[in-house]
*Asks:* 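Encoded as structure tokens, here's the structure I'll be asking about.
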Amino acid sequence: MDLTLRVWRQHGPNQPGAFEEYAAPDIRSHVSFLEMLDIVNDRLSLEDREPIAFEHDCREGICGMCGVMINGQPHGPQQGTATCQLHMRKFRDGDVITIEPWRATGFPVLRDLVVDRSALDRIIEAGGYITVDTGSAPDANLVPVPQEAAEASMDAAACIGCGACVAACPNSAAQLFTAAKLAHLNLLPQGQPERFMRTEAMVDTMESFFGSCTNHAECEEACPKQISIDFIALLNRDYIKAKWRNGRLAGQR
Amino acid sequence: MQLDAKIPEGPLAEKWDAHRFSIPLVAPSNRRKFEVIVVGTGLAGAGAAATMGELGYRVKTFTYHDSNRRAHSIAAQGGINASKNYRNDGDSDYRLFYDTIKGGDYRSREANTYRLAQVSGEIIDQATAQGVPFGREYGGLLGNRSFGGAQVSRTFYARGQTGQQLLLGAYQALARQIKAGSVKAYNRCEMLDIVVDDGRAVGVVVRDMLTGEISSHSAHAVVLATGGYSNAYFLSTNAKASNATAIWRAHRKGALFANPCFTQIHPTCIPQADEFQSKLTLMSESLRNDGRIWIPSEIGETRPAGDIPDDQRDYYLERRYPAFGNLVPRDVASRAAKKEVDADKGVGPMRNGVYLDFADAIGRLGRDTIEARYGNLFEMYERITDEDPYEVPMRIYPAPHYTMGGLWVDYDLMTTIPGLYSIGEANFSDHGANRLGASALMQGLADGYFILPNTIAAYLSQYLGTDPISTSELAFTRVEADVAGRTERLLGVNGSRTVDWFHRELGKIVWEHCGMARSAEGLTKALAEIPALKEEFFADVRIVGDGDSLNQTLEKAGRVADYFDLAELMCRDALHREESSGGHFRVEHVTEDGEAKRNDEDFRFVSAWGFEGDGSEPSLTKENLEFENVELKTRSYK
Amino acid sequence: MTTTEEAPVRRRYPWPIEFYRSAVGKKWVMALTGVALLGYIVAHMIGNLKLYFGAEEINHYGEALRDLGGNLAPRTHILWALRIGLLGAALLHVHAAYSLTYTNWKARGGRYRERDYIAVTYASNTMRLTGTVVLLFVFFHLADLTWGAAPAAPEEFFRGDVYSNLVASFERLPVAIFYVIANLALAVHIFHGTWSLFQSLGYSHPRFNIWRKRLAAGLTAAVVLINLSFPIAVQTGILKI
């Protein structure tokens with residue numbers, strides 16, 4: 001099929017960018033969206049034009065590197081699918097496809113469709129872990145974990161850290177990411193000792209980079225792993241408790 | 001050159017403990033005086049960096065990813081083995097060791113493999129404490145599945161995302177150390193060379209991928225945890241950025257490269273659908289537990305799968321290997337599929353696959369059970385192929401997946417360059433000629449969490465009181481200039497073909513001649529074609545853009561440039577190894593019924609290749625493998 | 001290259017202030033004040049139904065409000081306490097909304113050229129607009145029927161005669177139209193608000209999540225049906241002096 005791409009081009013951070021239009025003729029419908037971009041890039045190279053920079057790696061929907069806004073939808077029109085697993089059969093001959101980078105103050109554009117998502121790492125560094133030095137763990141079966149808790153935790157832990165939730169949010173909030181990370185640990189017995197310190201630290205760090213959740217639920221629709229906003233409710237509840245408890249603990253110190 | 005694997009004396013089960021006791025310790029207060037560089041932040045790298053940070057060493061990590069959570073360890077689906085024997089089904093350290101060494105076709109070291117089995121249980125403890133949400137039974141205790149044909153249930157899993165969850169555990173542990181300040185993380189920073197001074201590794205030269213700046217970092221020791229080199233085949237299940245530059249550069253600086261021809265071809269991947277396909281997607285091996293593999297009996301069959309009656313189907317694995325059936329090890333299943341497709345019995349639009357059929361399982365267990373077990377895999381298959389595997393059988397075909405070969409390391413995981421360590425898939429040590437399912441995660445974490453952080457003390461303790469050499473020394477500036485020169489050379493070619501074109505061409509050669517079946521004739525041909533293609537690459541590659549900003553084509557080109565040489569070494573090793581063992585199958589060395597024929601008499605050794613300069617033949621050093629605890633048997637799955 | 005950087009350490013305040021400084025805390029405050037305001041809206045609406053029972057009933061109702069507490073408290077004191085509470089809730093609700101809007105505006109890194117929302121509803125997307133309309137209306141409504149300040153209030157305004165004041169006010173067509181628009185805005189506002197407040201307070205459960213939606217829809221329907229009935233009844237002559 002023959003397509004027209006309208007792509008955001010920007011040479012570097014803090015530089016002006018603009019949309020450019022590229023013809024993408026003769027694309028077969030069973031190639032993936034990123035393979036379509038590969039083909040376009042190869043053609044651009046041979047015309048001595050700079051290829052479009054975009055991020056990708058595993059191309060099987062798990063590493064979380066890829067992700068662009070495709071026709072106004074994060075990761076494109078297919079729900080529960082990362083950009084790399086989107087295939088061109090979801091488009092029609094003659095389509096004009098608008099491709100934009102994630103846009104959020106917390107995700108500055110580095111080049112073309114590549115944005116800096118290291119703010120998400122800062123959130124994890126703030127407390128998204130269980131403090132256990134290598135070698136100090138007790139036998140794995142010492143603490144039984146109810147199957148439902150393990151399953152719910154896994155539902156949250158499926159997050160791939162792609163940033164689509166931030167990109168989708170009209171407020172550029174990172175609530176779904178943070179909530180998923182928190183719920184992963186807060187739902188497990190192993191995560192209890194640090195539960196409220198973790199919650200407060202991660203949410204406060206999140207808010208220093210991102211907007212606030214106003215419960216649009218757009219993130220849930222954009223999430224390639226379809227993580228539920230119920231976890232955001234858990235985040236809110238834990239945060240309220242955390243402020244109270246941690247303050248009380250601090251007072252006792 | 002004489003290779004000393006430094007395997008400790010004593011009975012197999014006591015070697016590791018005895019060795020740990022013999023290693024000189026670095027006192028806690030002295031650890032902060034040592035700097036260690038870790039390149040790569042996958043399971044092995046993140047695990048090692050986090051653990052060394054916890055111990056008090058000052059660690060720098062480097063990754064070309066934007067975050068330490070992206071490495072391709074994340075894509076491992078099935079699970080991780082451990083000899084916990086929670087199922088009371090007769091598992092033990094010894095049995096895991098035995099299965100691993102037998103599965104590796106007796107081409108790995110007894111001592112290393114036994115140690116791997118020994119620490120396997122601790123990995124599960126550690127990961128569970130970190131909050132890895134492993135699958136559980138109703139009683140709340142850990143669940144296990146049997147995996148990859150193992151006759152005990154020792155595989156722990158977190159749905160179909162075990163690698164992801166284990167990597168997130170290691171990443172979170174690393175994040176804690178980054179926060180604590182013991183680890184400094186350099187992201188979007190690609191290691192392009194290693195610096196060796198006075199015969200030991202003293203640092204690395206890296207390129208800042210956003211600004212193109214080349215800089216040096218020095219340390220007391222350097223750890224390479226940069227994964228495998230399956231992307232030499234272009235089409236593999238590896239991530240697009242996975243590359244061999246770090247280990248290849250180390251090899252060029254003097255580290256021996258062991259068993260490069262031992263590559264694993266995974267049997268259950270989605271077949272290629274287009275010439276522009278960029279990668280192959282793996283479907284978990286666990287599918288073979290319930291799926292039946294077959295092809296039409298007739299050559300040139302055109303009917304859809306559902307219309308072919310049972311008596312005109314050939315369930316070739318069940319027919320040829322009645323004992324193991326569809327659960328034969330990966331190398332056997334892969335070769336069998338190739339044999340059928342080569343006989344033109346392949347299915348699908350490109351006639352390049354075999355059927356993996358769930359109709360019987362659905363009939364027996366019901367659609368709901370199958371959905372509970374494999375739902376996410378089926379969805380993934382449908383997304384990619386637009387076919388519904390509940391209705392029509394899946395099409396699968398083998399694809400390059402894992403490389404057992406890698407940098408030669410001794411028992412301490414140190415390469416032949418003192419101070420340079422290699423862990424995880426980047427080294428060669430534990431899997432021999434074939435890796436069993438659910439063992440890669442185990443090895444990466446064993447190396448990273450439990451082995452390297454202990455053994456590295458043996459080297460570091462010698463250098464207490466010395467500072468790492470300054471990066472303004474000639475040793476560093478020379479390498480920096482060399483790296484800058486390589487970048488300039490690539491940018492200066494301005495030819496007429498894209499990097500991907502060359503990579504794809506290289507992949508075709510390696511896949512054809514050094515893939516599932518190898519012959520002296522083919523390998524010789526490849527050894528002539530690869531250098532020619534490399535020459536063409538440096539004369540005709542086109543890289544648009546500059547070297548001082550984000551340039552993904554330039555990054556790719558540097559990686560491909562190193563693949564030419566590595567591919568050549570793979571073929572050379574394959575040509576030299578006149579036997580069929582594990583993933584290495586030489587058509588000249590087969591039994592009467594066409595099965596692999598190992599030659600323990602002449603090839604019971606590790607081939608460790610040394611770099612002798614561009615254009616010169618590499619040198620071969622052999623490390624003989626001694627088997628004191630297992631009897632060498634022919635693998636039979638009939 | 002991106003490396004780890006140190007976050008600045010800032011002074012910590014007592015926890016209620018710390019809590020309100022955070023966006024999650026502000027949303028919590030918005031939810032709680034929202035509950036108070038919703039309660040007021042429902043009570044006000046139910047009380048107003050007395051209009052249909054005649055002038056005497058509704059005027060007695062107004063009197064009863066002023067006399068809340070009966071002999072137990074000084075006259076109008078409880079009413080004033082409620083009013084102050086309500087005012088406080090409204091102020092906090094508006095301040096939190098304003099400050100979150102500013103935060104979110106700063107967090108947004110430019111607009112997309114194309115944006116195809118899936119979950120965002122008209123209600124969730126217009127909370128700021130509908131909120132502002134309701135706020136402006138409240139001022140007018142107070143001037144009209146509580147303070148009796150012209151020109152918002154009709155000339156015939158007589159303090160205490162709730163029934164006549166209301167009918168006189170709604171007989172003016174523009175006022176009736178403004179009332180209808182404002183109550184539609186209110187309905188839209190509480191449709192998202194009612195569902196959303198559970199989320200902000202952290203009450204989410206697969207089993208009752210469907211009831212959150214039903215409650216929101218029910219409240220919205222009630223507000224539309226009942227509140228809009230008043231100006232319509234006046235305009236159509238069902239209610240007259």
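Values in this document were obtained by computation on a predicted structure and should not be read as measured data.
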*Asks:* For the pair Gln192(A) (side chain) and Asn186(A) (backbone), establish whether a donor and an acceptor sit closer than 3.5 Å, ignoring hydrogens and angles.
*Replies:*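 Flag set: sc Gln192(A) to bb Asn186(A) pair under 3.5 Å.
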*Asks:* Report the C-alpha distance between Leu92(C) and Leu32(C) in whole Å, list the side-chain angles of each, state the deciding distance to 0.1 Å, and finish with yes or no for side chain to side chain contact (heavy atoms under 4.5 Å, CB included).
*Replies:* CA-CA 10 Å; Leu92(C) 275 173; Leu32(C) 273 194; over 6 Å; no
*Asks:* Sort by residue number and list every residue of residues 171-178 of chain A having at least one heavy atom under 4.5 Å from chain C.
*Replies:*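 Within residues 171-178 of chain A, the residues under 4.5 Å from chain C are Asn171(A), Ser172(A), Gln175(A).
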*Asks:* Any idea how His56(A) and Phe54(A) line up, ring-wise: parallel (<30°), tilted (30 to 60°), or perpendicular (>60°)?
*Replies:*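 Ring orientation, 0 to 90° scale: tilted.
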*Asks:* Working to the nearest 0.5 angstrom, can you tell me the gap between Phe191(C) CZ and Leu219(C) CG?
*Replies:*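 These two atoms lie 11.0 Å from each other.
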*Asks:* Can a donor-acceptor pair be found, under 3.5 Å and without considering hydrogens, that links the side chain of Arg198(A) to the backbone of Tyr129(A)?
*Replies:*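 Such a contact is found between Arg198(A) side chain and Tyr129(A) backbone.
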*Asks:* Keeping Gln199(C) on the side-chain end and Ala217(A) on the backbone end, is there a donor-acceptor pair under 3.5 Å?
*Replies:*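 Absent.
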*Asks:* So what's closer than 4.5 Å to chain C heavy atoms on Pro101(A): side chain, backbone, both or neither?
*Replies:*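 Interface part for Pro101(A): backbone (N, CA, C, O).
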*Asks:* For the residue pair Arg6(A) and Glu21(A), what are the closest heavy atoms and their distance?
*Replies:*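 In this case the closest contact between Arg6(A) and Glu21(A) is NE-OE2, 3.7 Å.
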*Asks:* Report yes or no: is the cationic atom of Arg212(C) (NZ for Lys, CZ for Arg) closer than 6.0 Å to the six-membered ring centre of Phe198(C), at no more than 45° off its axis?
*Replies:*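 Negative - Arg212(C) is either too far from the ring of Phe198(C) or too far off its axis.
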*Asks:* May I ask you to name which of Ala104(A), Ala126(A), Gly211(A) has the most heavy-atom pairs under 4.5 Å with chain C?
*Replies:*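 Most pairs with chain C among the choices: Ala104(A).
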*Asks:* Return the minimal non-hydrogen interatomic distance between Glu207(A) and Ala23(C), and the atom names on each side.
*Replies:*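 Scanning both residues, the minimum pair turns out to be OE1-N, 2.8 Å.
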*Asks:* Answer with side chain, backbone, both or neither: which region of His205(C) has an atom nearer than 4.5 Å to a non-hydrogen atom of chain A?
*Replies:*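 For His205(C), neither part sits under 4.5 Å from chain A.
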*Asks:* Counting only heavy atoms closer than 4.5 Å, note whether Leu235(A) contacts chain C via side chain, backbone, both or neither.
*Replies:*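 For Leu235(A), the contact with chain C is made by the side chain alone.
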*Asks:* Is there a side-chain contact between Leu120(A) and Lys181(A) in this structure, where contact means two heavy atoms from C-beta onward sitting under 4.5 Å apart?
*Replies:*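 Leu120(A) vs Lys181(A): side chains apart.
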*Asks:* Could you give me the CA-CA distance, side-chain angles and deciding distance for Trp8(A) and Ile99(A), then say whether side chain to side chain contact (heavy atoms under 4.5 Å, CB included) is met?
*Replies:* CA-CA 7 Å; Trp8(A) 179 261; Ile99(A) 309 172; over 6 Å; no
*Asks:* Stepwise, does the side chain to side chain contact (heavy atoms under 4.5 Å, CB included) test hold for Val7(A) with Val40(A)?
*Replies:* CA-CA 11 Å; Val7(A) 186; Val40(A) 169; over 6 Å; no
*Asks:* Where does Gln73(A) contact chain C at under 4.5 Å (heavy atoms): side chain, backbone, both or neither?
*Replies:*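 Gln73(A) touches chain C through backbone and side-chain heavy atoms alike.
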*Asks:* Among Thr214(A), Asn236(A), Asn215(A), which residue satisfies the side-chain hydrogen bond (donor to acceptor under 3.5 Å, both in side chains) criterion with Ser200(C)?
*Replies:*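 Passing option: Asn215(A).
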*Asks:* Tell me whether Asp204(A) is salt-bridged to Lys243(A), with the criterion being a basic N under 4.0 Å from an acidic carboxylate O.
*Replies:*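 Salt bridge between Asp204(A) and Lys243(A), a charged N being under 4.0 Å from a carboxylate O: yes.
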*Asks:* Counting distance only, does the side-chain N/O of Thr199(A) pair as donor-acceptor with the main-chain N or O of Arg195(A) below 3.5 Å?
*Replies:*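 It does hold such a pair.
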*Asks:* Heavy atoms under 4.5 Å from chain A: which residues of residues 110-117 of chain C carry them?
*Replies:*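 Interface residues of residues 110-117 of chain C: Gly110(C), Arg111(C), Tyr112(C), Arg113(C), Glu114(C), Arg115(C), Asp116(C), Tyr117(C).
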*Asks:* Tell me the residues of residues 218-226 of chain A whose non-hydrogen atoms fall below 4.5 Å from those of chain C, in number order.
*Replies:*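 Glu218(A), Glu221(A) fall under the 4.5 Å cut-off.
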*Asks:* With chain C, which of Asp230(A), Val109(A), Ile232(A), Leu234(A) has the greatest number of heavy-atom pairs at distances under 4.5 Å?
*Replies:*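 Of Asp230(A), Val109(A), Ile232(A), Leu234(A), Asp230(A) has the most heavy-atom pairs under 4.5 Å with chain C.
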*Asks:* Chain A heavy atoms under 4.5 Å from Trp105(C): which part of the residue, side chain, backbone, both or neither?
*Replies:*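 Neither; nothing under 4.5 Å.
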*Asks:* Give, for atom OG1 of Thr205(A) and atom CD of Glu200(A), the distance between the pair rounded to the nearest 0.5 Å.
*Replies:*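 Interatomic distance, Thr205(A) OG1 to Glu200(A) CD, rounded to 0.5 Å: 10.0 Å.
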*Asks:* Which one of Pro206(C), Ala123(C), Ala119(C) has the most heavy-atom pairs closer than 4.5 Å to chain A?
*Replies:*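 Most pairs with chain A among the choices: Ala119(C).
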*Asks:* Under 4.5 Å heavy-atom distance to chain C, tell me which part of Asp121(A) shows up: side chain, backbone, both or neither.
*Replies:*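 The answer is neither part of Asp121(A).
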*Asks:* Between Leu5(A) and Leu37(A), is there a side-chain heavy-atom distance shorter than 4.5 Å?
*Replies:*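 Result yes, sub-4.5 Å side-chain heavy-atom pair found.
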*Asks:* Taking every heavy-atom pair that is under 4.5 Å apart, which of Ser208(A), Ala167(A), Cys169(A) has the most such pairs with chain C?
*Replies:*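 Option with the greatest count: Ala167(A).
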*Asks:* In terms of heavy-atom proximity below 4.5 Å to chain A, should Asn209(C) be classed as side chain, backbone, both, or neither?
*Replies:*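 Side chain only.
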*Asks:* Say whether, by atom type as modelled, one donor and one acceptor occur between the side chain of Asp112(A) and the main chain of Arg9(A) under 3.5 angstrom.
*Replies:*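 Answer holds: no.
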*Asks:* Measuring from atom CG of Leu51(C) to atom OH of Tyr61(C), what distance do you get when rounded to the nearest 0.5 angstrom?
*Replies:*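 Nearest 0.5 Å value for the CG-OH distance: 10.0 Å.
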*Asks:* Among Thr103(C), Ile118(C), Leu100(C), Thr101(C), which residue has the highest count of heavy-atom pairs closer than 4.5 Å to chain A?
*Replies:*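 Looking at each of Thr103(C), Ile118(C), Leu100(C), Thr101(C) in turn, Ile118(C) comes out on top.
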*Asks:* Show me the donor-acceptor pairs, under 3.5 Å and distance only, between side chains in residues 180-189 of chain C and residues at least two apart or in other chains.
*Replies:*
unit_1: Asn183(C); atom_1: OD1; unit_2: Asn227(C); atom_2: ND2; d: 2.8
unit_1: Asn183(C); atom_1: ND2; unit_2: Tyr179(C); atom_2: O; d: 3.0
unit_1: His189(C); atom_1: ND1; unit_2: Met127(C); atom_2: O; d: 3.3
unit_1: His189(C); atom_1: ND1; unit_2: Thr130(C); atom_2: OG1; d: 2.9
unit_1: His189(C); atom_1: ND1; unit_2: Gly131(C); atom_2: N; d: 3.4

*Asks:* Select one option (side chain, backbone, both, neither) describing which atoms of Lys106(C) are under 4.5 Å from chain A's heavy atoms.
*Replies:*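 Backbone only.
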*Asks:* If you count heavy-atom pairs under 4.5 Å with chain C, which of Thr98(A), Thr105(A), Asp116(A), Val203(A) comes out on top?
*Replies:*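 Among Thr98(A), Thr105(A), Asp116(A), Val203(A), the one with the most close pairs to chain C is Thr105(A).
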